[in-house]
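Data first, discussion second: the structure below is written as structure tokens.
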Amino acid sequence: MFDLKVILLPILLADIINPVIFAGTLYVLGSCHPIRNTLTMLFSFFVTYYIAGILIAIGLESFSDAFELPLGFDYIIELIVATILISFGLITYKNDYSPPDDKVRKSKVMTINQSLILGLKVNLIGLPFAIPYFGAIDQILKAETPIFPTLIILLVYNVLYILPFAAMVLVFIVARKQSETIFQKINDWMNILADRYLPIIFILLGVVMLIDGVLYFIL
């Protein structure tokens, strides 16, 4: 019901407020080869996140085709995701949720292979924060665009998602001496966002998606 770009933008912003990948990026920037290792870790995260998105999309479409589900199946998924977003937001807000890794940590020795593996681990650890990603995939599928444009839209989403974290490498290169102070301040700010505002964003997104899904079935 809503324009795809209009609904994807706030979902993307909620997805970016991910303290796990931010902490992982900070951790690798403290390694012996910070630029190489960080770019490798982010590339690993980007590829696996994108592939995971494709697999989720294929799985949902295959499930729908296999069981000959009704036309409004995408909206049923939207209602489920909306319920999860609202529930997660209420639980984390109510319990004063604090994300992990609230301090800048440093590593010393890290190989390229370890950086690649870390990208995979960050994906798994950050799974609870990936709820908006499921919502984004559902919105993309609802648009019912052909396969190639769908892959491009998902790719653009992932590129925009990873850019802020890749920009941290640029900050590190330009202002290496001041980077630790800068990143600590950003880390504190990210944790405040995740702790105080992310649950509210999840709830608002869930409400919007809930309204969209309900409107489909009553109009």
Side-chain angles (χ1 to χ4, degrees), residues 1-22 24 42-64 69 71-90 92 99 119-120 122-167 190 193-194 197-216:
M1 302 275 292
F2 295 105
D3 181 80
L4 186 58
K5 286 184 285 188
V6 173
I7 189 66
L8 281 183
L9 182 58
I11 291 176
L12 174 63
L13 293 176
D15 209 2
I16 287 174
I17 306 174
N18 187 332
V20 178
I21 183 174
F22 185 84
L42 290 175
F43 176 75
S44 173
F45 182 94
F46 169 79
V47 171
T48 52
Y49 208 51
Y50 181 54
I51 292 175
I54 294 174
L55 293 177
I56 292 169
I58 292 173
L60 289 175
E61 287 295 291
S62 299
F63 184 81
S64 177
L69 296 174
L71 186 62
F73 174 69
D74 290 335
Y75 287 90
I76 295 174
I77 295 296
E78 181 178 36
L79 290 173
I80 294 173
V81 173
T83 303
I84 294 173
L85 281 170
I86 294 172
S87 301
F88 186 78
L90 288 173
T92 54
L120 294 171
V122 170
N123 257 317
L124 294 175
I125 296 172
L127 193 60
F129 295 93
I131 300 172
Y133 194 38
F134 288 91
I137 293 168
D138 177 62
Q139 295 298 318
I140 293 171
L141 291 177
K142 268 173 44 185
E144 296 183 353
T145 55
I147 295 177
F148 184 71
T150 297
L151 293 175
I152 294 299
I153 293 171
L154 191 60
L155 178 63
V156 171
Y157 179 95
N158 277 271
V159 169
L160 293 176
Y161 175 83
I162 207 69
L163 276 180
F165 304 102
M190 285 281 288
L193 281 177
Y197 302 112
L198 189 59
I200 297 175
I201 294 173
F202 275 16
I203 292 170
L204 292 176
L205 278 175
V207 169
V208 171
M209 294 174 69
L210 188 66
I211 293 173
D212 185 42
V214 170
L215 287 176
Y216 173 82

How many angstroms lie between atom OG1 of Thr150 and atom CG of Leu155, to the nearest 0.5 angstrom? 12.5 Å

Taking the side chain as every heavy atom from C-beta outward, state whether Phe22 and Ile17 have any atom pair closer than 4.5 Å. no

Should we say atom CZ of Phe43 is surrounded by more than 12 heavy atoms from elsewhere, each under 6.0 Å from it? no

Rounded distance (nearest 0.5 Å) linking atom CD1 of Ile16 with atom CD1 of Ile21: 10.0 Å

Can you see whether Asp15 engages Tyr49 through a side-chain donor-acceptor pair at a distance of less than 3.5 angstrom? yes

So, taking the atom named CG in Leu12 and the one named CG in Leu163, what distance separates them when rounded to the nearest 0.5 Å? 9.5 Å

Is there side-chain contact between Ile51 and Val47, with at least one heavy-atom pair below 4.5 Å? yes

Validation row: Leu151, Tyr50 side chains within 4.5 angstrom (heavy atoms): yes

Considering only heavy atoms from C-beta outward, does the side chain of Asp212 approach that of Lys142 to under 4.5 Å? yes

Indicate the atoms forming the closest heavy-atom contact of Leu85 with Pro132, along with that distance. CD2-N, 4.3 Å

Just wondering, do Leu8 and Ile153 contact through their side chains at under 4.5 Å, heavy atoms? yes

Less than 4.5 Å apart, side chain to side chain, heavy atoms only: is that true for Phe202 and Ile86? no

Measuring from atom CG of Leu154 to atom CD1 of Ile137, what distance do you get when rounded to the nearest 0.5 angstrom? 6.0 Å

Can you find a heavy atom in the side chain of Leu79 that is under 4.5 Å from one in the side chain of Val214? yes

Spacing of Ile11 atom CD1 and Ile131 atom CD1 [to the nearest 0.5 Å]: 12.0 Å

Nearest heavy atoms of Glu78 and Met209, plus distance in Å: CD-O, 3.5 Å

Output the distance between atom CD1 (Ile7) and atom CG (Leu205), rounded to the nearest 0.5 Å. 6.5 Å

Nearest heavy-atom neighbours spanning Gly119 and Phe45: O-CD1, 3.7 Å

Parallel under 30°, tilted from 30 to 60°, perpendicular over 60°: which one fits the rings of Tyr161 and Phe165? tilted

Verdict with reasoning, Val159 to Phe46, per side chain to side chain contact (heavy atoms under 4.5 Å, CB included): CA-CA 8 Å; Val159 169; Phe46 169 79; 3.9 Å; yes

